[in-house]
4 protein chains.
Amino acid sequence: MSRRIAVGVLGATGTVGQKLVRLLAGHPWFEVRRLMASERSVGKPYGRVVHWLEPEPLPPDLAAMPVEPAEPGGCALVLSALDAAAARSIEPRFTAAGCAVVSNASAHRLDPVVPLVVPEVNPDHLQLLRRQPWSGSLVTNPNCVVAGLALVLKPLQDAFGVEAVELTTLQAASGAGFPGVAALDILGNVIPGIANEEQKIASEPCKILGSLADGRVIEAPIVISVQTTRVPIVDGHLLSMSVRLGRRTTPARVAAALQRFHAPEHVRALPSAPPAPLALLTHELAPQPRLHVGLGAGMTVSIGQIRPCPLLDVRLVALVHNTIRGAAGAALLNAELMVREGVV
Amino acid sequence: MSRRIAVGVLGATGTVGQKLVRLLAGHPWFEVRRLMASERSVGKPYGRVVHWLEPEPLPPDLAAMPVEPAEPGGCALVLSALDAAAARSIEPRFTAAGCAVVSNASAHRLDPVVPLVVPEVNPDHLQLLRRQPWSGSLVTNPNCVVAGLALVLKPLQDAFGVEAVELTTLQAASGAGFPGVAALDILGNVIPGIANEEQKIASEPCKILGSLADGRVIEAPIVISVQTTRVPIVDGHLLSMSVRLGRRTTPARVAAALQRFHAPEHVRALPSAPPAPLALLTHELAPQPRLHVGLGAGMTVSIGQIRPCPLLDVRLVALVHNTIRGAAGAALLNAELMVREGVV
Amino acid sequence: MSRRIAVGVLGATGTVGQKLVRLLAGHPWFEVRRLMASERSVGKPYGRVVHWLEPEPLPPDLAAMPVEPAEPGGCALVLSALDAAAARSIEPRFTAAGCAVVSNASAHRLDPVVPLVVPEVNPDHLQLLRRQPWSGSLVTNPNCVVAGLALVLKPLQDAFGVEAVELTTLQAASGAGFPGVAALDILGNVIPGIANEEQKIASEPCKILGSLADGRVIEAPIVISVQTTRVPIVDGHLLSMSVRLGRRTTPARVAAALQRFHAPEHVRALPSAPPAPLALLTHELAPQPRLHVGLGAGMTVSIGQIRPCPLLDVRLVALVHNTIRGAAGAALLNAELMVREGVV
Amino acid sequence: MSRRIAVGVLGATGTVGQKLVRLLAGHPWFEVRRLMASERSVGKPYGRVVHWLEPEPLPPDLAAMPVEPAEPGGCALVLSALDAAAARSIEPRFTAAGCAVVSNASAHRLDPVVPLVVPEVNPDHLQLLRRQPWSGSLVTNPNCVVAGLALVLKPLQDAFGVEAVELTTLQAASGAGFPGVAALDILGNVIPGIANEEQKIASEPCKILGSLADGRVIEAPIVISVQTTRVPIVDGHLLSMSVRLGRRTTPARVAAALQRFHAPEHVRALPSAPPAPLALLTHELAPQPRLHVGLGAGMTVSIGQIRPCPLLDVRLVALVHNTIRGAAGAALLNAELMVREGVV
């Protein structure tokens with residue numbers, strides 16, 4: 001790949017957008033060509049309008065790039081960090097114009113012809129692209145909690161079957177974007193609920209873990225009961241879950257199944273794929289957001305606390321970096337998979 | 001009651017101990033007569049050795065009171081805020097000497113002859129006192145999470161039966177006492193586990209919700225699966241739970257059962273009993289520790305998020321003030337109950 | 001005072017507005033008659049539109065009260081929690097209509113005919129009211145930091161003279177209202193600066209500590225150098241300051257001057273006046289926001305760390321409850337003073 | 001340098017010790033050969049006894065290394081992360097045995113024959129080593145606040161002279177080590193004071209910024225007035241300061257002096273030296289701990305808020321990574337300087 005692929009970012013000024021911009025800076029395959037955002041930012045230098053929250057400084061060349069309107073042109077590949085409402089109207093304009101769109105938005109995730117992909121879990125779902133009626137192609141990544149949940153459930157599904165999940169999430173403030181959660185709501189507090197989150201968590205894993213038949217996804221029949229909460233931390237969603245498996249087993253076998261899980265070889269070779277998608281932590285008080293959220297550059301899901309559940313089958317706690325594995329990194333990995341598969 | 005009852009506090013310098021001291025200051029029935037703590041504090045003025053963390057100033061007369069060794073004498077009633085190890089050896093010295101001991105420690109909670117009491121739930125368990133072989137009497141209150149859990153489960157048990165609970169807790173730092181949790185462990189972080197906590201949560205509710213037969217407690221056969229977590233807040237344990245009931249019902253009926261729950265009249269009349277032991281909050285994002293932990297002066301458990309569970313029967317979130325309803329206030333209410341029942 | 005005075009609240013849905021509403025509920029002199037807020041809330045029940053953040057529940061009768069537009073009528077006394085821009089245009093409509101307006105807004109604080117009052121410091125400045133050209137009257141309270149600073153400087157000015165102050169503030173999130181500071185900006189962070197705050201802190205104390213001559217305020221010539229910061233706490237502004245006095249003295253004498261400071265008798269008798277406007281804390285690590293912000297029901301300013309400054313004269317740290325002594329409580333105390341002085 | 005220098009770490013299990021261990025892992029010149037800690041850890045694998053708080057996992061080979069007692073032998077170079085009391089007795093045993101000791105402890109910093117060095121500021125102070133009476137050599141780095149303060153003052157001293165500093169610090173929890181600050185003391189709180197910190201901040205800069213004459217340091221006559229505070233953040237000390245310069249100038253010239261500051265060439269070439277020791281941030285609300293503490297891999301001090309002080313001369317805010325530039329990284333850079341200068 002002698003020349004890098006020109007990429008546009010939709011919703012470039014938001015928190016996921018700027019995370020994408022940072023991950024794309026220095027990417028071996030991609031080059032940021034267009035930064036697109038809403039009307040009021042258009043025409044101004046990106047560095048002037050973005051409320052930059054990344055710990056690394058914004059590279060000067062990107063800071064100087066003028067923000068453009070969200071219209072197709074100039075890039076065959078577009079990464080979308082739009083919110084759901086904007087994505088619903090804007091992304092189709094790009095697919096209609098022949099673009100490959102990789103979207104973090106929830107708008108089209110459950111559309112039967114749109115692949116909802118976690119590359120280590122269901123890369124074959126890209127086959128749905130053949131059924132897309134527009135000239136471009138649209139691939140989505142899941143909700144930030146689901147990005148971690150699907151990775152944890154996949155090896156369990158393969159080894160034992162998964163029937164049901166009881167889940168309580170402890171989610172970080174960055175999941176709400178900026179300005180997002182008000183300080184007065186979350187400082188020294190926990191908020192028991194996140195708007196629209198629970199329905200996504202209950203439905204998206206069934207599609208991701210579904211099987212392909214005749215170019216369609218047959219959803220996996222997994223019952224997911226979830227209570228979301230927001231806790232006063234910056235990054236990292238923690239999932240406290242209990243799982244009913246298809247057949248009885250031991251925590252040791254569950255741990256072994258999670259431990260040996262790995263991505264298909266062509267996925268493992270993608271630039272943003274972590275060395276291991278799952279990390280089993282043996283420390284007795286792991287995983288912890290502040291210590292472990294950055295494992296695998298934010299792309300590795302950490303797991304701990306595996307033990308028997310006296311009611312269902314197995315209990316465990318998982319940790320997913322919500323804005324990397326759960327958003328920007330997820331979209332980027334999907335984009336890399338599309339390039340690898342020749343879609344872009 | 002023309003004269004107030006002299007009370008001693010065991011473990012008076014700890015966080016629960018000082019909360020007891022504050023609640024006792026100005027109590028209509030009780031008067032702090034002795035402040036007892038470990039060797040290294042003995043003989044010094046209480047105000048000099050206590051690391052006072054209460055938001056109200058320590059009253060000067062209590063600050064000046066010399067700390068005494070943990071030996072019986074001078075008080076017929078003793079409130080114990082000792083840790084489990086100390087309680088195991090020290091509390092028996094007091095009951096042997098004829099004292100009435102109300103203990104917040106876990107040491108004797110599961111002893112078959114020791115009542116484990118939440119006055120609104122199982123005041124009749126005081127009958128166990130008759131079987132105590134020592135000349136005094138010992139009553140315990142439950143673990144801080146269980147204090148809330150038992151209050152939530154009691155009306156459900158009465159109305160529908162309770163078979164099982166899937167529980168994830170989000171617990172405040174004050175539950176660990178002082179110095180307790182290190183700032184470096186919890187700032188911007190969540191810790192998935194609390195030492196020895198989960199076994200208490202799984203076992204204590206079965207005793208509290210058990211029935212009396214022949215002066216013995218027959219434990220309630222409730223399966224409790226729990227994951228504890230510590231979150232960076234000061235006060236208030238949040239319980240995210242899903243309950244399997246004995247018979248099918250609707251969330252509305254569950255809410256109604258919780259709503260109409262009240263303490264027996266003689267309990268309601270105790271000085272530390274809240275107007276209502278349970279408060280159903282209808283705000284869509286309730287309960288929240290910072291906003292609701294102080295309801296009923298910290299003695300009311302708040303409940304919200306009641307809805308169907310697609311896997312068990314009903315989901316809800318409860319909030320308990322861990323150092324008041326879950327510790328100092330619980331012990332005090334038990335002491336009041338003992339006075340009312342003529343045990344003291 | 002057999003009947004309570006009807007009071008209207010301007011900006012009733014904001015954080016200062018709701019704090020006023022709570023302080024007024026149960027007030028011995030005042031009764032909330034009108035809750036006024038912006039267009040989009042008008043006509044709806046207050047409880048439906050306010051994002052209630054107080055730790056006590058909103059009383060049901062106030063929750064049911066319909067929000068009204070910000071127009072005069074029905075109340076001789078109006079407490080304003082408007083922001084500066086709204087205050088600039090709305091408050092004059094009320095004074096023109098003959099209302100007594102007590103405002104927390106900065107809009108008119110430096111107007112030469114508008115008293116900027118801290119009742120314990122400069123109650124005589126109410127004399128400026130005689131020069132107000134409108135039929136009603138307008139009194140303001142200072143910025144939240146200045147509310148504490150003026151109280152600390154007053155006894156020093158009286159005893160030694162005050163020439164200059166070097167000040168760094170550590171301010172709580174509640175000072176920015178709601179939604180105010182974004183969680184992503186302040187969680188685990190400090191923000192070195194608050195918009196428009198430093199100019200208020202540098203100028204308002206000079207007016208408050210100024211003397212009256214010919215019905216005009218001669219500003220006190222105090223040089224104030226200030227750096228503001230925002231820290232991740234909910235309530236309580238901490239002031240780290242070094243003061244150059246008019247004449248040399250000792251920290252002990254500074255402490256004594258602060259210790260013996262008290263309000264004039266007619267101010268001390270007001271319902272919202274604290275037992276002591278200043279509290280000298282002797283604990284070596286005081287004052288601390290979480291422990292001391294509630295002293296005097298939030299109306300007492302705590303002081304500690306008094307010691308020599310090797311460069312100016314004396315160093316100390318003060319703590320002010322920014323939304324009570326620094327906002328809602330300040331306005332209320334001013335309203336009480338106006339009633340006491342016969343202005344209302 | 002074909003082979004790496006064997007290094008021992010004293011106090012390897014503490015927070016600064018483990019930061020040193022992490023920085024040494026993969027260091028181009030150094031290789032960790034001995035991990036030394038207190039009696040109760042000796043003989044156990046390092047990974048078993050260290051409470052690892054770094055965001056990167058502990059490398060397995062280091063985890064397996066047995067902890068050794070703090071006795072000389074096997075390493076010509078020792079990095080000490082001992083606390084002051086331990087350092088006072090232990091470090092001399094190493095220098096007596098001929099070791100080169102680089103210490104982060106405060107014990108010997110003000111000893112007239114011990115260089116207190118910030119390599120970009122006073123590398124020439126290594127000349128003091130000639131006066132050391134023991135066979136080895138001992139070099140110290142300053143207190144964590146001073147590490148940043150000295151770097152900020154050096155260019156001002158060179159350009160304008162520095163007479164006095166008014167300073168308020170906002171310090172992170174990691175500065176207190178582990179367990180250090182209790183969560184209950186700092187969650188939602190600010191603590192106005194840090195034991196023994198202010199005297200170090202007032203004295204150490206005078207030595208660092210002093211001049212050499214006859215192989216002795218003539219202290220710089222700078223008056224430093226400081227109030228320390230602890231704030232609820234993990235890493236990064238913020239310094240709010242006002243400086244009286246030797247001669248009047250403008251903020252623009254102050255900024256220019258800071259901007260053009262750079263290390264001597266031989267220091268700049270050291271492996272742990274950052275590209276720039278100072279970074280002037282132009283964003284109006286910079287520097288912020290969470291966003292900027294990692295600049296230059298934690299070795300760059302960020303500066304913002306430069307403006308005139310109406311009382312002294314110039315105000316500014318600086319940010320220093322307290323456990324890297326202020327501790328482990330400082331020691332490491334000193335060790336590199338000693339190697340470069342042929343002391344090791």
Side-chain angles (χ1 to χ4, degrees), chain C residues 163-170 172-173 184-195 198 202 223-242 244 281 283-293 304-305 307-312 315-319, chain D residues 163-170 172-173 184-195 198 202 223-242 244 281 283-293 304-305 307-312 315-319:
Chain C
E163 294 186 351
V165 182
E166 276 282 347
L167 173 64
T168 294
T169 67
L170 293 84
L184 277 193
D185 275 337
I186 198 65
L187 280 174
N189 204 13
V190 174
I191 305 174
I194 297 175
E198 296 175 0
V223 176
I224 298 175
S225 170
V226 57
Q227 171 70 48
T228 55
T229 73
R230 183 83 71 191
V231 294
I233 69 172
V234 174
D235 284 322
H237 289 353
L238 209 64
L239 286 62
S240 165
M241 63 174 108
S242 192
R244 179 183 288 155
L281 305 181
H283 184 283
E284 63 176 358
L285 291 175
Q288 293 181 26
R290 219 185 65 224
L291 301 185
H292 306 124
V293 78
Q305 310 297 322
R307 60 191 193 280
C309 173
L311 182 54
L312 306 185
R315 264 203 167 282
L316 58 85
V317 172
L319 170 70
Chain D
E163 294 186 351
V165 181
E166 276 282 348
L167 172 64
T168 295
T169 67
L170 294 84
L184 276 194
D185 275 336
I186 197 66
L187 279 174
N189 204 14
V190 174
I191 305 174
I194 297 174
E198 296 176 1
V223 176
I224 298 175
S225 170
V226 57
Q227 171 70 49
T228 55
T229 73
R230 184 83 70 192
V231 294
I233 68 173
V234 175
D235 284 321
H237 289 353
L238 209 65
L239 286 62
S240 166
M241 62 174 110
S242 191
R244 179 183 288 155
L281 305 181
H283 184 283
E284 63 176 357
L285 291 175
Q288 292 181 26
R290 220 185 66 223
L291 301 184
H292 305 123
V293 78
Q305 310 297 323
R307 60 190 193 282
C309 173
L311 182 54
L312 307 184
R315 264 203 168 281
L316 58 84
V317 173
L319 170 71

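All values reported here derive from a predicted model rather than from experimental measurement. Only this structure's heavy atoms are used, side chains among them; waters, hydrogens and symmetry mates stay out.
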Next on the checklist: Looking at chain C, which one of Val234(D), Val231(D), Leu170(D), Leu238(D) has the largest number of heavy-atom pairs inside 4.5 Å, strictly under?
Outcome noted: Leu170(D)
Checklist entry - How far does OG1 of Thr169(D) sit from NE2 of His237(D), to the nearest 0.5 angstrom? => result 7.5 Å
Checklist entry - Could you give the distance from CD1 (Ile194(D)) to OG1 (Thr229(D)), rounded to the nearest 0.5 Å? => result 6.5 Å
Item to check | salt bridge (Lys or Arg N to Asp or Glu O under 4.0 Å) involving Glu198(D) - partner list, sequence neighbours excluded | outcome: Arg307(C)
Checklist outcome for this item: Most heavy-atom pairs under 4.5 Å with chain D, out of Arg290(C), Gln305(C), Arg230(C), belong to Arg290(C)
Checklist outcome for this item: chain D shares the most heavy-atom pairs under 4.5 Å, among Gln288(C), Glu163(C), Arg315(C), with Arg315(C)
Checklist entry - Between Ala195(C) and chain D, which part of the residue has a heavy atom less than 4.5 Å away: side chain, backbone, both or neither? => result neither
Checklist entry - Which heavy atom of Met241(C) sits nearest a heavy atom of Ala318(C), and at what distance? => result CE-CB, 4.1 Å
Checklist entry - What pair of heavy atoms forms the shortest contact from Gln227(D) to Gly193(D), and how long is it? => result NE2-N, 4.0 Å
Next on the checklist: Looking only at heavy atoms and a cut-off of under 4.5 Å, which of Leu187(C), Leu319(C), Leu291(C) has the most pairs with chain D?
Outcome noted: Leu187(C)
Checklist entry - So what's closer than 4.5 Å to chain C heavy atoms on Val293(D): side chain, backbone, both or neither? => result neither
Checklist outcome for this item: With chain C, the option among Ile224(D), Leu184(D), Asp235(D) that has the most non-hydrogen atom pairs under 4.5 Å is Leu184(D)
Next on the checklist: Tell me which of these, Leu316(D), Val226(D), Val317(D), has more heavy-atom pairs under 4.5 Å with chain C than the rest.
Outcome noted: Val226(D)
Checklist entry - So which of Pro192(D), Gly188(D), Ser240(D), Ala172(D) has the biggest tally of heavy-atom pairs under 4.5 Å with chain C? => result Pro192(D)
Next on the checklist: Going by side chain to side chain contact (heavy atoms under 4.5 Å, CB included), name the residues that satisfy it together with Leu311(D), two or more places apart in sequence or in a different chain.
Outcome noted: Ala164(C), Glu166(C), Val223(C), Ser225(C), Arg244(C), Leu312(C), Cys309(D)
